[in-house]
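Below you'll find the structure, written out as structure tokens, and then a few comments.
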Protein chains: 2
Amino acid sequence: MTPVRVSVLEERQNADDNSSTMKDGRRSDIREAGLTLFAERGYHATSMGDIGRAIGVKGPSLYNHLKSKQEILIDIMVTTMQDLLAGFDNADSNGEPAERLREVMAEHVRYHALHPRDVRIGNREIPSLEEPARELVLNLRNEYEGKWRELIQDGLDSGDFSIPSVRVAVYAILEMGIGVAQWYRPDGSLSLDQIAALYADMAARLLSAKVTVADSTIEN
Amino acid sequence: MTPVRVSVLEERQNADDNSSTMKDGRRSDIREAGLTLFAERGYHATSMGDIGRAIGVKGPSLYNHLKSKQEILIDIMVTTMQDLLAGFDNADSNGEPAERLREVMAEHVRYHALHPRDVRIGNREIPSLEEPARELVLNLRNEYEGKWRELIQDGLDSGDFSIPSVRVAVYAILEMGIGVAQWYRPDGSLSLDQIAALYADMAARLLSAKVTVADSTIEN
DNA sequence: CCTCGTGCCTAATGGCCATTAGTACCATAA
DNA sequence: TTATGGTACTAATGGCCATTAGGCACGAGG
């Protein structure tokens, strides 16, 4: 499911400290606290003191483990996009477009349901990212959208899908799935698999019916 | 289309100053600048100095026209939700559910396309709202969702729609339309009417096909 | 026992911010 | 002309923040 990844923060540590004691739970504690607080209040409304308090430490002590507050945000946003990309590749098969769509949509929804804090931050805090990290994240996001565009274009070419605009369909489907992060609760009346299947169905239905658009013939 | 509304800020002014000179373009200038800056950088990353600069005035001068920075945010978010609610009622008819759906979805999409800054702020800055305004905005948002739920439930009861979960369908459809605010450009290759029709089609398709869900029988 | 590294602390530092106080300008209306 | 109301300005005020400096404790390894 979720690909095993080493967070950007951890990578940086190993680069600095190649004795690699690797006991550093603090680093991931900080990431975890940042995840919760940034998601709840936003990046600018969260202070280093807040993050410190969440892990039982004073604000300045955090600098024993990282270089700046911004670093936490970058770590979260970059790894989130990387996870989404890896999730897509992992879920994608070489079957029929309709089946591929169901698989990647289910994965898209699962990821958003299981990582609501991450994707919340990913979608809200792009203006809080400083360059060049913002560029990087936007490129990863484009890459993700590109994979979806290709898949849907394939299905269009093979006649499996029927829609007037690939671009609009991609936006609609992605956004639909992103929304799951805002309401899914593990103890809800629908299981995650049911929800993923439901969204896969909805995405498939979005793509397969013939449409009568006012003026027809539309860009890709 | 967009209902004529008096902003909360204006109302407050009239309440304080019932001589009602009403020439106060400054007040709406401030609102306009806040709209742009909050949408671009976020509420906490925008200073009163920034807003002042945008309208050619120093930060403290703004306090001749309002009581606090928070007031600008409240004004934006409350009027946005009120506009969406009014837009729904305005667009809703007493026809067939499928036709009603097309109308309100087109309006939902149009509003999001034409007011991207407003809805961006509306969706991102809820944590920046102080009580009791947050409660108020969340209630308005629930009210909006409730109208959609009723409509879709009607269509389900009449047999026009066929979906396993009204709640999930509402979330999916609303979120889909919200996304338009993030990519629509007036000079794009699709006209707003085409886009609205496209989304209305997609929403209709989402609701009308029969689904086979793994386990069936799901809550409302 | 000593030493060294690690990671915590408190106490700056420098900056920015929202908001308030006090003052000056200017137009309009008496 | 003189008063008045409105709006702008500059100069506090008080607070918070990210980050840095410097020092202290403690555990491991000699």
Side-chain angles (χ1 to χ4, degrees), chain A residues 9-10 12-34 37-38 40-76 125 127-130 133, chain B residues 9-10 12-34 37-38 40-76 125 127-130 133:
Chain A
L9 273 178
E10 310 282 354
R12 220 190 61 78
Q13 177 201 22
N14 294 345
D16 284 353
D17 163 23
N18 52 11
S19 73
S20 75
T21 32
M22 189 41 190
K23 39 124 208 294
D24 199 352
R26 271 302 196 260
R27 219 176 183 96
S28 67
D29 288 350
I30 294 173
R31 190 186 191 276
E32 181 67 17
L37 292 172
F38 292 167
E40 274 175 4
R41 318 176 181 176
Y43 178 74
H44 288 297
T46 302
S47 74
M48 292 302 268
D50 292 335
I51 297 176
R53 193 169 315 115
I55 65 169
V57 139
K58 302 291 180 178
S61 301
L62 299 177
Y63 290 86
N64 285 313
H65 304 281
L66 44 82
K67 233 174 42 201
S68 71
K69 180 186 173 187
Q70 177 78 194
E71 209 178 39
I72 308 175
L73 182 63
I74 292 174
D75 178 44
I76 291 172
E125 302 291 359
S128 307
L129 269 182
E130 295 163 13
Chain B
L9 273 178
E10 308 283 353
R12 221 192 61 81
Q13 176 200 26
N14 293 346
D16 285 351
D17 163 25
N18 52 10
S19 74
S20 76
T21 31
M22 188 41 187
K23 40 123 205 294
D24 199 353
R26 271 301 197 256
R27 220 177 183 97
S28 67
D29 288 350
I30 294 173
R31 190 186 191 277
E32 181 67 16
L37 292 172
F38 291 168
E40 274 175 5
R41 318 177 180 176
Y43 178 74
H44 289 295
T46 302
S47 74
M48 292 301 268
D50 292 334
I51 298 176
R53 191 169 317 114
I55 66 169
V57 140
K58 303 289 180 180
S61 302
L62 299 176
Y63 290 86
N64 284 315
H65 304 281
L66 45 82
K67 231 173 43 201
S68 71
K69 181 185 172 188
Q70 177 77 197
E71 207 177 41
I72 308 175
L73 183 63
I74 293 174
D75 177 44
I76 291 171
E125 301 292 359
S128 306
L129 271 182
E130 295 163 15

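Here the structure is a predicted model, which means the values were calculated and not measured. Each chain gets a letter, A, B and so on, in the order the sequences are listed, and its residues count up from 1.
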*If you check every side-chain atom of R26(A), which of dT19(D), dT20(C), dC8(C) has the closest atom?*
dC8(C)
*R41(B) and D50(B): side-chain contact (heavy atoms from CB on, under 4.5 Å), yes or no, with the steps?*
CA-CA 11 Å; R41(B) 318 177 180 176; D50(B) 292 334; 3.0 Å; yes
*Looking at the side chain of K58(B), which of dC9(D), dC9(C), dT20(D) is the nearest nucleotide?*
dC9(D)
*asked:* Nearest whole Å is fine: how far is dC17(C) C1' from L62(B) CG?
replied: 13 Å
*Please give, in whole Å, the distance from dT19(C) P to Q70(B) CD?*
9 Å
*asked:* Distance check needed: dT20(D) P versus K67(A) NZ, whole Å only.
replied: 10 Å
*side-chain contact (heavy atoms from CB on, under 4.5 Å) between R26(A) and L62(A): does it pass, once the steps are laid out?*
CA-CA 9 Å; R26(A) 271 302 196 260; L62(A) 299 177; over 6 Å; no
*Determine, stepwise, if the pair Y43(A) / H44(B) fulfils side-chain contact (heavy atoms from CB on, under 4.5 Å).*
CA-CA 9 Å; Y43(A) 178 74; H44(B) 289 295; over 6 Å; no
*Mind listing the closest non-hydrogen atom pair of L37(B) and A54(B) along with its distance?*
CD1-CB, 4.3 Å
*Nearest-Å distance, OH (Y63(A)) to P (dC9(C))?*
14 Å
*Selection from dA18(D), dA18(C), dT7(D) that lies nearest to any side-chain heavy atom of N64(B)*: dT7(D)
*For M48(B) and L66(B), run side-chain contact (heavy atoms from CB on, under 4.5 Å): C-alpha distance rounded to whole Å, both residues' side-chain angles, the deciding distance at 0.1 Å, then the answer.*
CA-CA 11 Å; M48(B) 292 301 268; L66(B) 45 82; 3.9 Å; yes
*S61(B) side-chain N/O to dC9(D) phosphate OP1/OP2 under 4.0 Å*: yes
*For the side chain of P60(B), starting at C-beta, report the closest nucleotide among dA11(D), dA18(C), dT19(D).*
dA11(D)
_Can you identify which nucleotide, out of dC9(C), dA18(C), dT19(D), has its nearest atom closest to the S68(A) side chain?_
dT19(D)
*If you look at every heavy atom in P127(B) and E40(A), which pair is closest and at what distance?*
CB-O, 3.4 Å
*Which value, rounded to the nearest 0.5 Å, describes the distance between H65(A) atom NE2 and I72(A) atom CD1?*
11.0 Å
*asked:* Measure NE2/H65(A) against C1'/dT19(D) and give the value in whole Å, please.
replied: 15 Å
*Grab the NZ-P distance between K69(B) and dT20(C) for me, whole Å please.*
14 Å
_Residues touching DNA chain D, which here means a heavy atom under 4.0 Å, drawn from residues 42-56 of chain A_ = T46(A), S47(A), M48(A)
